[in-house]
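Ligands are counted one by one from 1 in listed order, and the atoms in each one are counted from 1 as well. Along the sequence shown, residues are numbered consecutively beginning with 1.
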Amino acid sequence: MTAIVIERDEHNILHLILDKPDSTTNLMDTAFADDFAATVKQLQEEDYNGIIIRSAKPTFFAGGDLKQLSQTQPEDADALFNMLSSIKASMRWLETQGKPVVACINGAALGGGWEMALCCHYRIAVNQPTTQLGLPEVTLGLLPGAGGTVRSVRLLGLEVALPLLTEGKLFKVEKALQLGLLHATVEEQADLVPAAVQWIQQQKEARQPWDQKGYRLPGGTPSQPKLAQKLPIVPAILKEKTRGALPAPEAILSTMVEGAQVDFDTACRIESRYFVQLACGQIAKNLINTFWFQLNEIKAGVGRPQNVPTQKIVKVGILGAGMMGAGIAYSAASAGVSVVLKDRSQELAEKGKDYSRKLLAKRLAKGRSTDVKNETILNRIQTTDNTQDLADCDLVIEAVFEDRELKAKVTRETEAVLTADAIIASNTSTLPITGLATASERQENFIGLHFFSPVDKMPLVEIICGERTSEATLAKAYDFVLQIRKTPIIVKDARGFYTSRVFGTFTNEGMAMLEEGIHPASIENAAWLAGFPVGPLAVSDEVSLTLLEKVRNQTRLDLGQDKVADIATDRVVTTMKNADRHGRAHGKGFYDYPQEPEQRKALSPDLAELFELESNVSNVHDLKDRLLYIMALETARSVEEGVLKNARDANIGSIFGLGYPAWTGGTLQFINQVGLKQFVTRSQALAEQLGERFSPPQLLIDMAANEQTF
Ligand code: NAI
């Protein structure tokens, strides 16, 4: 059994048919490298007019074997380097043997798959939405290591190739044609081979542009003045994005620039060396674990009840056309679901629909949508002030004010008009679902769907099961979240669910640092350097100190004073309140918010007087650790208390819902990579120095003792 089947057609053209045995996709793994080498050896004995590379699978080629790559250890470096060298030698032979080689791209060609296509002289693809092309390796902490970096640079030049490689953006057929990466398209799959045959018959021989006489790197080499002036700022721009925490974009830039100054084979060797370095490192493992394996498990519904068949929501009702309701309506309608958007008056409901109108107009202005598409989406949103209009909804999401009584009232009203199998989901941010469900006659059909603001941008939805929520309801809610292209995690009905609870630890820690006299700029910078999108003080301002205080007071009422012992945070909030600094909405908080839109917010100089700031510089590593650890610890406690059932939901939830830095792979993966033992030891040291909140839960101590990981 081989991954490459060779067939000869009546035109004396050899077809290399990519068909990995016992697999739905073609993968670039050790077996492929060996089969590819054997194929090349055989081809050297043959006489032929040209070569066609095509796939027997629904996609062209899926890329590297991530399972194999995620297990790569430093001691595997040589073997990995040799595998890459073998694949590269085979590719190089194909492109230099003289006869024309055509890639027939029948579907997605990503990563290694697109690299395979790039070593062909001519690339034809089927013009269909599923033909996705590109090199997304960077998003998993890797670089295109099968010649893709080297060939992209030689085809496009450094400047054009840079964003494609360092951002890993995928592109469709049209863009590929425009960039000159594709040579032709066909409308039907059946036309691929005839088009390839026709092109081959017109060529006597073929060579890659970089193997032709007089080839010059498009846009110039790094030593030419035009580029030499621009290049020095590129690392700085990259560093601003990666904060130095993501090694892949930097390795890609180095591969590109170093490779552009040497011959093709040397460039390929440089590329392999950087690839091996990344693959053996921790960050690639974090990213592959979370953004590939765990995210795909969520998308495949692994955590959803398996005994309930997948279903589609045709019509969703939304109660409350405020900030959240309006956003949910937009997301659902954009994904093809019919929406009934209800508020207290028709006018308020229309105001909610205006949100979709505004977002769609923006998309149109950016060329991302058309008038027709926008119209279709808007037509899916029916506005109303009449509960009766919800009668044929499969699911109703309640997003009225955060008020128990009001929520109970609208639940009863709505349930009265719904069919027996329709479900109601509350978008409450704080109220327990089991309690809210008591308003319902059919508590098994009641669930929590916690969206994040702004809904159109935030990918996460927490699904909260009440005590009596049925499996069928959970499955339906889960399917809906996927249907509207969001990412669901399942959490227990406990205070703060998962994300709100951990979010509080981040803002509190920032305030505790301030209370200790640490300079606010150091706090915010430490968060930024750790990879958080915004610092704890900035985010407290966004949420407003009044709301943070309200949540704390409620928690205190519910749990008792001793469970909420972060007095430092209280003192900070009181000091800020007395100084009339309530947060962004009030124009001032930890930051001053200038009226003029072109002026940027800045940390307020008043903080120096309000808090006794120490003049000595604090240790940035400690500050970074405190933010990363406190959130990871609270996550471990959530696991211990059964709020979360698995590491997958914790990792994805923390990155997508809380802005926990992506390089870590999420809160629990952070603990894994530090090592359970080391994590426990460091937490205990922090607890001694800073307080009980850093004490590791028993679960972690036990896991460390048993050498377990999440
Ligand atoms: P909002 O105040 O912007 O909107 C609430 C809407 O409900 C208003 O348009 C109001 O007119 C409408 N409403 C009130 N009574 C109604 C009734 N009887 N029938 C129909 N509509 C009625 O509030 P927001 O921010 O959209 O929050 C809604 C819910 O989502 C709350 O439970 C909140 O806790 C929760 N939530 C809020 C988040 C946020 O960031 N704002 C995040 C996640 C959840």
Should you measure from each heavy atom of Gly320, which atoms of ligand 1 turn up under 4.0 Å away? 6 (C), 7 (O), 12 (C), 20 (C), 21 (N)
Closest candidate by heavy atom, reference atom 31 (C) of ligand 1, pool Val400, Thr428, Leu449: Val400
Using distance alone, determine whether Asp343 and ligand 1 share an N or O pair under 3.5 Å. yes
Glu634 and Thr505: side chain donor to acceptor below 3.5 Å: no
Verdict with reasoning, Gln483 to Asp479, per side-chain contact (heavy atoms from CB on, under 4.5 Å): CA-CA 6 Å; Gln483 194 182 336; Asp479 294 345; 5.7 Å; no
Heavy-atom contacts under 4.0 Å between Leu431 and ligand 1: side chain, backbone, both, or neither? neither
Enumerate the atoms of ligand 1 whose separation from the nearest heavy atom of Phe451 is less than 4.0 angstrom. 42 (C), 43 (C)
closest protein heavy atom to atom 19 (N) of ligand 1 is Lys342 NZ, 3.4 Å
Among Ala399, Pro454, Ser429, which residue places a heavy atom closest to atom 5 (C) of ligand 1? Ala399
Counting from 1 in the order shown, the ligand 1 atoms closer than 4.0 Å to a non-hydrogen atom of Leu348 are 11 (O)
Please confirm whether Lys601 makes a cation-pi placement over Tyr591, using NZ or CZ under 6.0 Å from the six-membered ring centre and within 45° of the ring normal. yes
What do you reckon, are the aromatic ring centroids of Phe452 and Phe656 less than 6.0 Å apart? no
Can you find a heavy atom in the side chain of Phe446 that is under 4.5 Å from one in the side chain of Thr473? no
How far is atom 39 (C) of ligand 1 from the closest protein heavy atom, and which atom is that? Met324 SD, 3.6 Å
Would you please say whether a donor-acceptor pair under 3.5 Å links the side chains of Glu402 and Thr430? yes
Identify, by atom number and element, the atoms of ligand 1 in contact range of Val410, meaning under 4.0 Å from any of its heavy atoms. 17 (C), 18 (N)
Any ion pair linking Asp354 and Lys351 (charged N to carboxylate O, less than 4.0 Å)? no
Give a yes/no verdict on whether any heavy atom in Lys407 is under 4.0 Å from an atom of ligand 1. yes
Short side-chain donor-acceptor distance under 3.5 Å, Thr384 and Asn386: no
Which of the numbered atoms in ligand 1 are below 4.0 angstrom from a heavy atom of Asn427? 30 (O), 35 (C), 36 (N), 44 (C)
Testing the 3.5 Å rule here: is there a donor-acceptor pair between the side chains of Tyr660 and Thr635? no
Among all protein heavy atoms in this structure, tell me which lies nearest to atom 40 (O) of ligand 1, with the distance rounded to 0.1 Å. Ser453 CB, 3.3 Å
Shortest protein contact, atom 33 (C) of ligand 1 (heavy atom only): Glu402 OE1, 3.6 Å
With heavy-atom distances below 4.0 Å as the criterion, list the atoms of ligand 1 near His450. 43 (C), 44 (C)
For atom 4 (O) of ligand 1, find the nearest protein heavy atom and state the residue, atom name and distance (0.1 Å precision). Gly322 CA, 3.2 Å
Heavy-atom nearest neighbour of atom 15 (N) of ligand 1 within options Met323, Glu398, Arg344: Arg344
When you compare the side chains of Glu467 and Thr434, does any donor N or O come within less than 3.5 Å of an acceptor on the partner? no
How long is the span from the CG atom in Asp421 to the CG atom in Leu395, to the nearest 0.5 Å? 11.5 Å
